[in-house]
Amino acid sequence: MALIPETTFQEYSNLVAELSQHNHHYYVLDNPSVPDSEYDRQMRKLQGIEELYPNIITQDSPTQRVGGVALQSFSQIKHVLPMLSLDNAFSDIELQDFERKVKDRLNHTSEIDYVCEPKLDGAAVSILYRDGILVYGATRGDGSVGEDITANVRTIKSVPLKLQGDNIPDILEVRGEIYLPKAGFEALNEAARAVGGKTFVNPRNAAAGSLRQLDSKVTAGRALEMCAYSVGQYQAKSKPTTHQGMLQALCGWGFKLNEYVETVTGVDACADYYKRLANRRNKLPYDIDGIVYKVNELALQERLGFVAKAPRWAIARKFPAQEEMTQLLGVEFQVGRTGAITPVARLEPVFVGGVTVSNATLHNRDEIERLGVRIGDVVIIRRAGDVIPQIAKVVLDKRPLNAEIIIFPERCPVCQSSVQRNDGEAVARCSGGLFCGAQIKEAIKHFASRKAMDIDGLGDKLVELMVDESIIFSVADLYELNDSRLVGLERMAQKSASNLVAAIDVSKQTTLAKFLYALGIREVGEATAQTLANNFGAIEIIAQSSVEELLEIDDIGPVVARHIVNFFRNPDNLSIIEALRNAGVKWVDIDLTNQSSQPLKGQTWVLTGGMQVMSRAEAKDALQALGAKVASSVSAKTNQVVAGPGAGSKLTKAEKLGVAVMDEAEFITFLSTQS
Ligand code: 5U1
């Protein structure tokens, strides 16, 4: 075995320490400390040393996170201290009941401090550290005995392999939740769908499934995260006296905590916290299924003790369920703006995720086959956040004898043109183009929508009526409408007709980005339209650009480039654009020769909180016109945050990351200096 020179050993130790710090900044603090290129350079150096001297490798080396040899089975680990579960409260009254019992038992009349924590929807784990080094990780199992998932836990970047900081306990057992953020869950299922594989019903199952992989390389490929929320075994010279103090200590030793943990006084403040988090729930990048309240004083926790397997000092206040069972009553095939035919499930109405759901998307033919769903089946519906409700699973045990196979149509249900499916595409499309009434209607609805031409008063029903009554055939016909043509249509009196004509007239003055978006070019959303406008300046230039020229622009990929070129090659589309311009639709082209017209090019801004003088949309338009990208979340790459009243976690994160923040008044002054 090669002898390791002292200098190499030093260099190796430094690299392990530095890379562990970079990991901590990136995965725990969400605040990268070095560019990716520097991280990769140091990692390659470390790998080089380890290749040359394999016996130098330490357990806390970042190279040891990639997964190793697959296991035959998991061995068991007995929890020295049981992993408790939580009692649930489903209403404010049940929460008050919990608080009353706490006070009665403690003989307390004064208010009690509680730590409020989002209840992450993942898999509970227990991770043991001896002298600061990770020894093992175990699942909860039945609370007394779990499975040894050490190899899998080690692959999760937010789990420290070696603790950092001071006063590290001799023995520390950290309890927490391993979870898969929504984006990781969607990506995992998308990849499974692409190969016709098995998808996971929800992020919780995906996290648990990922942890139970015998091959830790599979786990290493999943974007799992871990948040710490309590401790089990703890041997140290001293111990914090509160739960909050314990969480702070865990944070100092390198663990990730949930960003919304808060300590409040009294049960009313707990109920208020619940409301605030319930409003945020859909926007969070991970699933939570409730709030956990814990008595803050550890001495009080000890006095309260526990019953059966749940502590008396904590309770979980649950949010409305996001999954429910119901029956599939039928399937309708809808035709979208681009002719895409989407099967829509008609369901026995069911209350899920806080609303009554009677429709769910079935995506496409492959999805119907993958789910193996039939009309009449009992299905599990999932409605997580603002996402369209989905059928997550068929409950085969409950399949009725007369369940009917779903037949995908060969002809468009609206115009009877043939249905076609391009190679490599999951979506089947009506080939009728602008002969298809459904596509015309959807194109006009999109054109009139708020982020496009923003025609006030032109709702979906009215568009459908005008197309059905042969009053309009294309978006250009909107600008030929007059009062007399409209009066007499269902619920259209003289005043509404004049208002609509006036709104159509107002919409003529627009921006290049909005006009491009309104045209409904496939794959060209709001952001791409803005990118096209900022980079080309005028529609004539975009129309004449080749795929290669379009590909030179960041954020424009080959698929969208091809759609743009195809759109402007179609003479029907060109004549509609000409008709719109002849009707008076206009905008100011962007002068690309004048560098100062795009002073914010390359910058990313975030708007958060309320705005009093400008609307959010106006602020966004103004920033995009100056060349800035307007993002919805704050990261280390954000250049500037504009924060109004009520700004919450984005403002906190900006402050944590040291991102510049201005208020609305400063923003307006800033804009006035840019023109
Ligand atoms: N946030 C949080 N989730 N959670 C789950 N805290 C928390 N505490 C738990 C559980 C099961 O148990 C405590 C009793 C440690």
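Ligands are counted one by one from 1 in listed order, and the atoms in each one are counted from 1 as well. Source: prediction; values computed, not measured.
Among protein heavy atoms, atom 14 (C) of ligand 1 sits closest to Pro311 CG, 3.5 Å. Looking only at heavy atoms of the protein, atom 13 (C) of ligand 1 is closest to Leu86 CD2, 4.2 Å. If you check which protein heavy atom lies closest to atom 9 (C) of ligand 1, you get Tyr229 CE1, 3.5 Å.
Contact atoms of ligand 1 toward Pro118: 1 (N) (distance under 4.0 Å to a heavy atom of the residue). Near Leu84, with a cut-off below 4.0 Å to any heavy atom, the atoms of ligand 1 are 11 (C).
Checking His22 against Glu38 by side-chain atom types alone, no donor-acceptor pair falls below 3.5 Å. Looking only at atom types and distance, the side chain of Glu173 has no donor-acceptor partner in the side chain of His79 under 3.5 Å away.
Between Arg140 and ligand 1 there is no heavy-atom distance shorter than 4.0 Å. For the ligand labelled ligand 1, residue Ala314 lies outside the 4.0 Å heavy-atom shell.
Salt bridge absent: Glu186 and Lys182 never bring a charged side-chain N and a carboxylate O closer than 4.0 Å. Taking 4.0 Å as the cut-off between side-chain N and carboxylate O, Glu225 and Lys256 count as a salt-bridged pair. A salt bridge links Arg317 with Asp92: the closest approach of a Lys/Arg side-chain nitrogen to an acidic carboxylate oxygen falls below 4.0 angstrom.
Under 4.0 Å from ligand 1, the heavy atoms of Lys294 that appear belong solely to its side chain. Of the heavy atoms in Ser230, only side-chain atoms (C-beta onward) come closer than 4.0 Å to ligand 1.
By the 30° and 60° cut-offs, the orientation of the rings of Tyr293 relative to Tyr273 is perpendicular. The aromatic rings of Tyr179 and Tyr286 sit perpendicular to each other, their planes meeting at more than 60°, with 30° as the lower class boundary.
Some N or O of Glu117 is nearer than 3.5 Å to an N or O of ligand 1, by distance alone.
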